[in-house]
Structure formats: C-alpha cells, structure tokens
Visitor: 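Quick one: this structure, given as structure tokens, is what I'll be asking you about.
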Amino acid sequence: MPQAVIAIHGGAGTITRAAMDANREREYTTALEQVLLAGQRVLAEGGSALDAVTEAVRLLEECPLFNAGKGAVLTHAGTYELDASVMDGATLNAGAVACVKRLRNPVLAARAVLEKSEHVLFAGEGAEAFAEAQGLELVAPDYYFTQARYDQWQRAQGTTGMALLDHDAAALAAKAAQENKADPLDADTKFGTVGAVACDANGNLAAATSTGGVTNKQVGRVGDTPVLGAGCYADDVAAVSATGTGEMFIRTAAAFDVSAQMRYAGLSLEESARRVVMEKLTAIHGRGGLIAVDRAGNVTLPFNTEGMYRGLARVGEPVNVWIYG
C-alpha cells in the first residue's frame with residue numbers, strides 16, 4: 001500500500017521580494033504548515049483522501065491570507081462570488097458550487113452536493129438554498145471582507161478597469177510592491193485559488209479546489225475551479241487541483257489531461273503534469289500551476305509563474321512548504 005500523503009496549494013503568481021519581509025513570509029508558511037498538519041492528521045487516523053482534502057480546503061477558506069472563503073476578492077461591482085469543487089477518485093462522485101455569495105465554506109457545500117444530491121454542480125441562489133437545507137453556515141457579505149482585498153480592488157478600479165489576470169502588468173506590480181507590503185506574491189497579479197489533493201492508506205485519491213474568483217472580474221464569470229476536469233479532477237490514476245488563468249485551464253481540460261496522459265500514453269505523473277503546465281498551457285498563454293498525486297503516492301507541484309504557495313505532508317514525516325520557484 002502507498003504511504004498516505006496530502007499536498008496543498010494557495011495560489012500562484014509573481015513573487016515580489018520588495019513587498020515581503022521575513023515575518024510576513026513566515027506567516028504564510030506557518031499557515032500552510034498548519035493546514036498540512038491537519039490534513040496529515042486525518043490520513044494518519046485512517047481517514048479517507050476525500051475527508052483529508054475537504055478539511056484542508058475548509059481551513060484554507062478560513063484563512064484570510066488566501067483568496068477563498070474569508071479572503072475572497074471583489075468583483076467589478078464590489079461584490080463577492082465564490083466557487084468550489086470536490087471529487088472522489090475511487091467513485092468519480094463529485095460536487096461543485098459556483099457564484100455563491102453567502103456560504104462560509106463553499107467546499108463544504110460542494111461536499112454536500114457530492115454526498116446528498118443526484119446532481120454535480122449548483123450555482124448562485126440555488127446552490128445557497130441547497131447548502132442551507134443541508135444545515136451549512138450562511139454569512140453576510142461583509143464576512144469575506146479584508147482590507148488588503150479591498151485596496152487591491154480599488155487599484156484595479158482606478159487603473160485597468162479589467163480583471164487582474166496578467167501577472168506581467170509591470171506598472172500595477174510595481175505600484176503594489178510600493179503600497180502593499182502584505183503578500184509575498186504580488187496581490188495584484190496573483191492567481192488566487194486554494195486546493196488539496198491526497199492519496200490515503202488504501203490508495204484512493206481525491207481533490208478539492210476553492211476560490212474567491214478574480215479581482216475586478218465581471219459579475220457572473222465562472223472560472224475553472226468548479227469545472228470538473230479543468231480546475232479539479234480525481235480518478236483512480238491521479239488527483240489534480242489547479243490555480244491560474246481559469247479560462248485557459250478550462251480550454252485545455254488541464255486537470256483531466258494529467259490523468260489522461262498517464263492512462264492513455266503511459267506517462268509518469270511528473271511528466272504528464274509538466275506537459276500540461278509547461279507546454280499545453282503556455283502555448284495559449286495560460287499561467288499558473290497545479291498539484292497532483294497518483295495512487296502510488298507520488299506528488300508533483302509544477303507551475304509556470306514565479307512562485308506558488310504549496311506544500312506536502314506524508315504520514316509519519318515532517319511537512320514541507322514552499323513559496324518560491
């Protein structure tokens with residue numbers, strides 16, 4: 001049997017060393033470590049991969065440092081729209097929610113869809129009504145508010161007027177480095193998504209992904225996070241969670257493609273993921289990264305940006321976290 005393992009990510013983007021100090025970097029690495037320890041504990045106690053990734057992403061949603069749940073970014077209208085998905089590789093059961101505005105933990109709603117609905121994806125008010133019927137916690141919109149995200153939204157409103165996806169926007173990046181000392185990844189050019197993948201002691205795989213969206217995005221826009229096969233996928237070959245330019249991950253079916261290349265071409269997890277991130281995505285100017293695990297417990301964490309919040313923890317071993325390339 002494989003050694004149980006969990007990996008997580010908290011977004012990818014441009015590293016701005018000028019906007020970071022050692023204390024702030026430690027704040028991020030500590031947050032990642034605590035989430036990994038919780039996921040590792042689930043696996044060590046015999047929990048399923050599905051339970052481990054759900055708990056890890058729930059904790060990432062609770063942390064205002066990351067763009068999911070509490071730390072969600074604002075739309076062009078100054079509102080919040082959150083997405084999440086979860087998938088069980090052993091059964092191909094999956095659940096997802098999109099454009100929710102009142103759920104404290106969208107990943108728990110996605111898990112409820114997986115377990116308690118014949119459907120896979122709910123959106124908007126219907127998703128919220130379903131979650132409320134399952135007893136999940138609702139919050140007022142101001143629950144998601146953080147000053148850093150509000151300031152980021154104001155910068156977007158005052159400059160480009162566009163969704164902030166292009167991490168090569170040098171002028172904004174420079175301004176953010178001057179004004180926002182909060183984030184080791186430049187807040188204006190970071191692809192904000194969180195996710196987790198795991199392989200449990202039985203060799204079963206699972207993946208979960210959650211996001212607060214894209215700063216200044218058009219209301220109603222949905223990215224890859226709740227789209228199974230794009231931002232999240234798990235089967236009996238691999239489990240994948242992605243972060244980046246969502247439209248490009250949708251167009252390449254990026255998460256599914258990692259598993260497909262392994263299944264049909266006989267490639268390793270590492271090579272399949274590398275081809276997706278470094279070749280297929282870059283060919284259409286897709287930026288970001290992904291985390292993936294296979295049923296042997298192998299893990300890969302590729303990205304084509306300057307950095308990605310990421311880490312992994314095997315049961316019985318110390319956790320490892322990284323920000324830089």
Side-chain angles (χ1 to χ4, degrees), residues 7-17 19-20 25 28-29 31-32 35-36 56-57 60-61 63 65-68 71-73 83 148-149 152 163-169 172-173 176-177 180 182-197 207-215 217 223-225 227 230-233 240-252 254-255 257-258 270 273-282 284-293 299-312 320-325:
I8 64 173
H9 71 77
T14 302
I15 299 296
T16 54
R17 295 177 184 272
M20 181 193 59
E25 180 183 357
Y28 276 85
T29 57
L32 292 169
V35 172
L36 281 168
V57 171
L60 288 164
E61 290 177 343
C63 181
L65 295 175
F66 303 104
N67 175 18
V73 299
D83 310 320
R149 301 301 188 198
Q152 179 182 338
L164 291 176
L165 277 173
D166 182 3
H167 96 258
D168 295 317
L172 270 183
N180 180 12
D183 200 335
L185 297 184
D186 174 35
D188 289 332
T189 59
K190 184 178 72 178
F191 305 123
T193 307
V194 305
V197 296
T209 310
S210 181
T211 188
V214 177
T215 299
K217 77 178 181 73
D224 64 311
T225 293
V227 179
C232 182
Y233 188 74
V240 183
S241 177
T243 172
T245 44
E247 284 73 10
M248 306 311 179
F249 281 75
I250 293 172
R251 287 165 56 186
T252 57
D257 197 30
V258 173
E270 184 174 9
R274 186 200 66 79
R275 289 189 181 194
V276 169
V277 173
M278 302 302 183
E279 296 178 10
K280 301 189 78 169
L281 282 168
T282 57
I284 57 171
H285 308 292
R287 309 304 300 276
L290 60 81
I291 58 174
V293 61
V299 175
T300 189
L301 315 163
F303 53 97
N304 60 33
T305 53
E306 294 299 316
M308 181 171 74
Y309 297 116
R310 64 204 188 278
L312 67 88
N320 292 281
V321 300
W322 305 273
I323 296 176
Y324 305 105

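No experiment lies behind these values; they were computed from the predicted model shown.
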Visitor: I would like to know whether Leu281 and Val276 meet side-chain contact (heavy atoms from CB on, under 4.5 Å); could you show each step before the answer?
Guide: CA-CA 6 Å; Leu281 282 168; Val276 169; 4.3 Å; yes
Visitor: When rounded to the nearest 0.5 angstrom, what distance separates OG1 in Thr300 from CG in Leu312?
Guide: 10.5 Å
Visitor: When rounded to the nearest 0.5 angstrom, what distance separates OG1 in Thr305 from CZ in Arg287?
Guide: 6.5 Å
Visitor: Rounded to the nearest 0.5 Å, what separates atom OG1 in Thr29 from atom CG in Asn320?
Guide: 12.0 Å
Visitor: Counting N and O atoms only, with roles assigned by atom type, does the side chain of Arg310 sit under 3.5 Å from a partner on the main chain of Gly11, one being a donor and the other an acceptor?
Guide: no
Visitor: Are the side chain of Asn67 and the backbone of Gly213 linked by a donor-acceptor contact shorter than 3.5 Å?
Guide: yes
Visitor: Could you pull out all residues at least two apart from Ser210 that satisfy side-chain hydrogen bond (donor to acceptor under 3.5 Å, both in side chains)?
Guide: Glu61
Visitor: Measuring from atom CG of Leu32 to atom CG of Leu65, what distance do you get when rounded to the nearest 0.5 angstrom?
Guide: 8.5 Å
Visitor: Could you check whether any side-chain heavy atom of Leu290 comes within less than 4.5 Å of a side-chain heavy atom of Pro302, counting everything from C-beta outward?
Guide: yes
Visitor: List the atom of Asp257, the atom of Thr252, and the distance in Å for their closest heavy-atom pair.
Guide: CB-O, 4.1 Å
Visitor: So do Met308 and Ile291 actually touch side chain to side chain, heavy atoms under 4.5 Å?
Guide: yes
Visitor: Which value, rounded to the nearest 0.5 Å, describes the distance between Arg251 atom CZ and Lys280 atom NZ?
Guide: 12.5 Å
Visitor: What heavy-atom pair brings Thr209 and Ala242 nearest, and what distance separates the two atoms?
Guide: CG2-O, 3.8 Å
Visitor: Taking all atoms of both residues into account, what is the closest heavy-atom pair of Ala7 and Val299, and its distance?
Guide: CB-CG1, 4.0 Å
Visitor: For a quick test of reading the model, state the closest non-hydrogen atom pair linking Arg274 to Glu279 and the distance between them.
Guide: NH2-OE2, 2.8 Å
Visitor: Are Phe303 and His9 packed together at the side-chain level, in the sense that at least one heavy-atom pair is separated by less than 4.5 angstrom?
Guide: no
Visitor: Going by the rule side-chain contact (heavy atoms from CB on, under 4.5 Å), which residues pair with Ala56 if we only count those two or more places apart in sequence or in a different chain?
Guide: Ile6, Ile8, Val35, Ala196
Visitor: Counting N and O atoms only, with roles assigned by atom type, does the side chain of Asp83 sit under 3.5 Å from a partner on the main chain of Val227, one being a donor and the other an acceptor?
Guide: no
Visitor: Rounded to the nearest 0.5 Å, how far does OH of Tyr309 lie from CZ of Phe66?
Guide: 6.5 Å
Visitor: Indicate yes or no for a side-chain donor-acceptor contact from Asn304 to the backbone of Gly288 under 3.5 Å, with no hydrogens or angles considered.
Guide: yes
Visitor: Does some side-chain heavy atom of Leu301 sit less than 4.5 Å from a side-chain heavy atom of Trp322?
Guide: yes
Visitor: Output all residues satisfying ring pair (Phe, Tyr, Trp, His ring centres under 6.0 Å) with Tyr233, sequence neighbours left out; order by chain, then residue number.
Guide: Phe256
Visitor: Please give me the minimum heavy-atom distance between Val240 and Ala255, naming the atom from each residue.
Guide: CG2-O, 3.6 Å
Visitor: Looking at every non-hydrogen atom in both residues, tell me the closest pair between Glu25 and Ile323 and how far apart they are.
Guide: CG-CD1, 3.9 Å
Visitor: Ignoring hydrogens and geometry, is there a side-chain-to-backbone donor-acceptor pair from Arg149 to Gly71 under 3.5 Å?
Guide: yes
